Every structure is written in C-alpha cells, then in structure tokens.
Amino acid sequence: MEYLIGIQGPDFVLVAADNVAASSIIQMKHDYDKMFKLSEKILLLCVGEAGDTVQFAEYIQKNVQLYKMRNGYELSPSAAANFTRKNLADYLRSRTPYHVNLLLAGYDDADGPGLFYMDYLSSLAKAPFAAHGYGLNKRFILNLHSFNVRLIDKDGIHDMEKLTVGAK
Amino acid sequence: MALEDICNFKDKPTHKTFPFYASEDTSVSVFTEAFNFKWRGEMTSKKASDVPLEFHVPSLFKRPSSRASHSVSVRRPFPLSHGTTTLGFIFQGGVIAAADTRASAGGLVACPAVHKITPIHSHLVVTSSGSGADCMLWERILTREIRLYQLRHKRRLSISGTAKLLSLMLHPFKGTDVCVALTLCGWDKLIYVCSDGARLQGDIFSVGSGSPYAYGVLDRSLSWSLNKEEAILLAREAVFRATHRDAYSGNNVDLFHVTAEGWRQRQREDLKEEYYRDMEKRGKKMDLTGLFS
C-alpha cells in the first residue's frame with residue numbers, strides 16, 4: 001500500500017512519501033519518487049492507480065507552469081489546489097475518472113504554509129496534518145522500507161535525508 | 001476547431017486533455033501535437049507536426065465506464081495468453097534482455113518458439129509480455145512511429161521519449177482488454193511500459209507470470225561489476241529457473257546484449273538441455289543421500 005504524509009508547521013510544511021512502485025505483489029522499483037514539483041514552493045504528492053497518477057500529476061504540473069509563463073507570476077498553493085480539485089471533479093463526472101489520492105503542500109508568501117488533502121472523489125480540505133494510506137505498522141504485511149522526505153518553507157523546497165525503516 | 005466552436009458543435013471526446021480523439025467509428029486518430037518538439041527550436045513544417053496517427057481498431061472500441069467489467073461481454077473464442085518470463089537488467093557492460101519462448105493459451109502451449117524480444121532499431125530492443133497479439137501490434141506501431149520521427153526530425157528519438165510516446169499511445173486503451181507490458185531496453189536505460197499506464201525507469205525489470213522466480217535469482221547475484229559472460233549466464237539461469245517452476249514459461253531462451261555499438265543476439269538455446277545438465281548435477285548429489293531410486 002502506498003503512503004503519503006504531510007505536516008504543517010508554523011512556517012514550513014513537511015511531506016514524506018514511500019518509494020515503492022508495485023505491480024500487484026511484485027515491487028518493481030524501490031526508489032520511485034511520488035512527489036511532483038509544481039512550482040518553486042509547491043509540491044504535489046500523488047498515489048493511486050498505475051498510469052493515472054503520473055498522467056494526472058504531470059498534466060497539473062504542466063498547467064501550473066503554463067500559468068506562470070502566460071501571466072508572469074505563479075499560482076498560489078490554494079489556487080493550485082482548487083485547480084487540481086476542479087480537474088479531478090470534472091474527470092470524475094466523465095467516462096474516464098482518474099483514481100488518484102493527492103496531497104498538495106506549498107508555501108505562500110502572503111498566507112504562509114498550507115497543506116491540502118484531496119482524494120479520488122475530489123474532496124478538498126486544508127488541514128494541519130494529513131495522510132493517505134495505511135501507514136507503517138509492524139503487523140502490516142507490506143513493509144515500506146524507505147521514504148522520500150521534503151520540506152517546504154519560504155526559501156523553497158528542500159530535500160531531507162531519506163528515511164529507511166527497519167532492517168534492509 | 002474554430003468552425004466547431006461557431007456552430008456550437010459538441011463533439012464528445014473521451015479525453016479533453018490529450019489531443020487524442022476517440023470517435024464512435026472504427027478508426028482512432030491520434031494527433032502528434034503533444035509530442036511536437038517545436039520548442040526545441042527546430043523548424044518543423046506545420047504539415048509534419050499535425051500528421052495524425054491513424055490506425056484502425058476493431059469496432060469493440062467502447063471504453064467501459066469506470067473500468068468495471070461489463071455484464072454483457074463478447075465471448076472469447078479461446079482464452080487470452082499471458083504467461084511468460086522476460087527480464088532485463090543493466091550492468092557495466094550494457095544491457096541484457098532475456099525471455100523464454102513459450103506462448104500459452106490457457107493450458108495449451110500454442111507455440112513453443114515465439115520471439116518475445118524484438119529489435120526496434122539498432123540500439124533499442126523491446127521485450128514483450130501480456131497478450132501476444134497486442135504486443136506484436138504495438139511493437140509494429142512503435143517501430144513505425146520511431147521511424148517516422150527519425151525521418152521527420154533527422155534524429156533518433158531518445159529512449160525516454162520512446163517510452164513516453166508508447167505510454168501516451170496506449171492511454172486511450174486503458175480499461176479495455178489490451179494487455180501489453182513492454183520493457184524497452186536501450187544501451188544504458190531500461191524502461192517498463194504497461195498498458196495500465198505505468199512507465200517506470202529502473203535497473204532491473206522482470207515481467208510475466210515467471211517474474212517472481214526470475215527476480216529471486218537476479219536479486220541474489222546481480223551486481224554492476226559483472227562481466228559480459230557472467231551477466232549472460234545469470235540471465236539464462238534466471239529464465240531457466242523461472243521456466244522450471246512456472247507452467248506458462250518454457251521451451252527456449254532468447255538473449256540479447258545491447259551496448260553502445262548496438263544489439264547482438266545470442267543463439268537461441270533449448271532449456272531442455274539445461275534442464276538435463278542440471279538434473280545430472282543434482283543426480284550426482286542425490287545419489288549420495290539415496291533419495292533417487
């Protein structure tokens with residue numbers, strides 16, 4: 001099971017995602033990055049159905065970048081989150097829904113840090129902490145042994161040390 | 001497009017984002033604007049960039065909603081074949097691609113001598129698994145598109161570009177019965193593309209019903225510093241072990257070695273010989289413990 005977690009602090013947002021790309025019971029990659037950089041201070045974390053995640057996340061990513069090219073300034077995290085939710089909602093009501101669960105984390109120079117939780121039914125909630133997945137549990141059969149961790153603050157996105165849990 | 005807007009003509013594309021349009025008739029047109037590399041500063045003529053990819057698909061092309069199975073579905077004349085073992089890995093001497101050669105249809109070995117590894121061009125080889133017919137078709141489509149790109153832009157498409165192109169071409173068929181899992185083996189890169197939409201770049205991939213067994217052998221002995229002979233032996237051993245345990249893999253093993261100079265194919269080997277050699281070795285051990293009668 002794939003896992004995403006985000007925590008909003010007073011002036012930063014901390015996000016982590018596991019590194020597994022699995023195909024049914026086989027782990028095809030153990031160093032897969034699930035975070036998509038939308039802009040200098042916005043990260044989109046995306047899990048869900050195999051092709052849908054990358055297709056949808058890249059679509060949002062390119063559109064956010066296009067907005068900056070057209071208008072000269074970047075979308076705020078809140079605007080990006082609402083744009084993402086609107087797209088998810090539109091596709092949900094079409095014949096080709098995208099089955100993806102998202103966390104959008106960003107730092108707005110005016111409003112400060114923000115963490116947005118979105119799920120595949122296109123619900124959107126701004127929350128101080130949020131997660132997708134069953135998480136780590138000693139008793140859970142699938143062990144996620146490494147996580148990518150990143151921090152977003154007023155200076156942008158910083159990579160933190162990769163977390164490795166349990167015996168390799 | 002403009003005429004459509006003026007007339008308020010509401011065409012119902014299945015995809016609003018991508019420039020793919022699935023019309024209700026039997027042909028699917030895929031426009032290449034998405035992969036138009038104009039931004040690279042090349043002067044491509046408008047005609048070349050707008051050429052649609054047209055290919056005819058059977059009239060079953062109706063996307064099922066929310067990917068649920070139909071209550072009314074077409075009865076298949078025979079069970080589709082999915083069993084296989086293919087693998088690919090990178091090491092210091094290039095990339096090895098190996099596969100078995102059995103095509104199974106349910107419990108029947110439909111063909112014992114299939115080519116599951118196909119060269120696309122001199123430096124790209126693709127291993128296929130999933131439905132045999134679909135793989136054959138999509139390999140040909142991919143070869144054609146790569147060649148067209150080369151002719152139009154006077155340079156070869158990169159392997160990542162090829163993988164992305166294939167992934168985008170397969171996207172309209174997600175949710176249908178198309179089952180294609182290809183591993184593109186370039187000389188320095190390995191990319192797995194699947195009809196579900198997955199596109200993964202990695203150092204080692206094994207696909208098919210025999211893949212868990214192959215992974216077991218590969219994960220144990222694979223390292224970057226293998227020399228060419230060791231790598232070939234490892235690949236052959238992995239396929240052999242997979243074919244030994246998996247009912248849907250077997251017969252022979254095909255091996256390709258791709259380097260910066262191009263691909264080279266090893267002669268196809270019958271795994272029966274390998275099996276007998278292995279049994280002989282074991283036979284000697286087994287006799288000592290008296291387990292063999």
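Predicted model only: the values in this text are computed from it and were never measured. Below, chain A is the first sequence line, B the second, and so on; all start at residue 1.
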Over 12 non-hydrogen atoms of neighbours within 6.0 angstrom of NZ in A/K62: yes

Exceeds 12 heavy-atom contacts within 6.0 angstrom, atom OH of A/Y120: no

NZ (A/K86) with more than 12 external heavy atoms under 6.0 Å: no

Over 12 foreign heavy atoms within 6.0 Å of CD, A/E58: yes

Pairwise distance CE(A/M28) to OG(B/S211) - rounded to 0.5 angstrom: 6.5 Å

Heavy atoms of other groups near A/H158 NE2, more than 12 under 6.0 Å: yes

From B/Q201 atom CD to A/D31 atom CG, the distance as rounded to the nearest 0.5 Å: 10.0 Å

A/E49 and B/D196, any side-chain heavy atoms less than 4.5 Å apart: no

Verdict with supporting geometry, A/Q55 and B/R199, side-chain contact (heavy atoms from CB on, under 4.5 Å): CA-CA 10 Å; A/Q55 299 277 25; B/R199 182 172 41 94; over 6 Å; no

Residues B/D203 and A/K29 bridged, charged N to O under 4.0 Å: no

Approximate separation, where rounding is to 0.5 Å, of B/K174 NZ and A/T96 OG1: 10.5 Å

Atom NZ of A/K126 with >12 non-hydrogen neighbours under 6.0 angstrom: yes

Region of B/S195 in contact with chain A, defined by heavy-atom distances below 4.5 Å: neither

Chain A contact via B/I204 - side chain, backbone, both or neither, heavy atoms under 4.5 Å: backbone

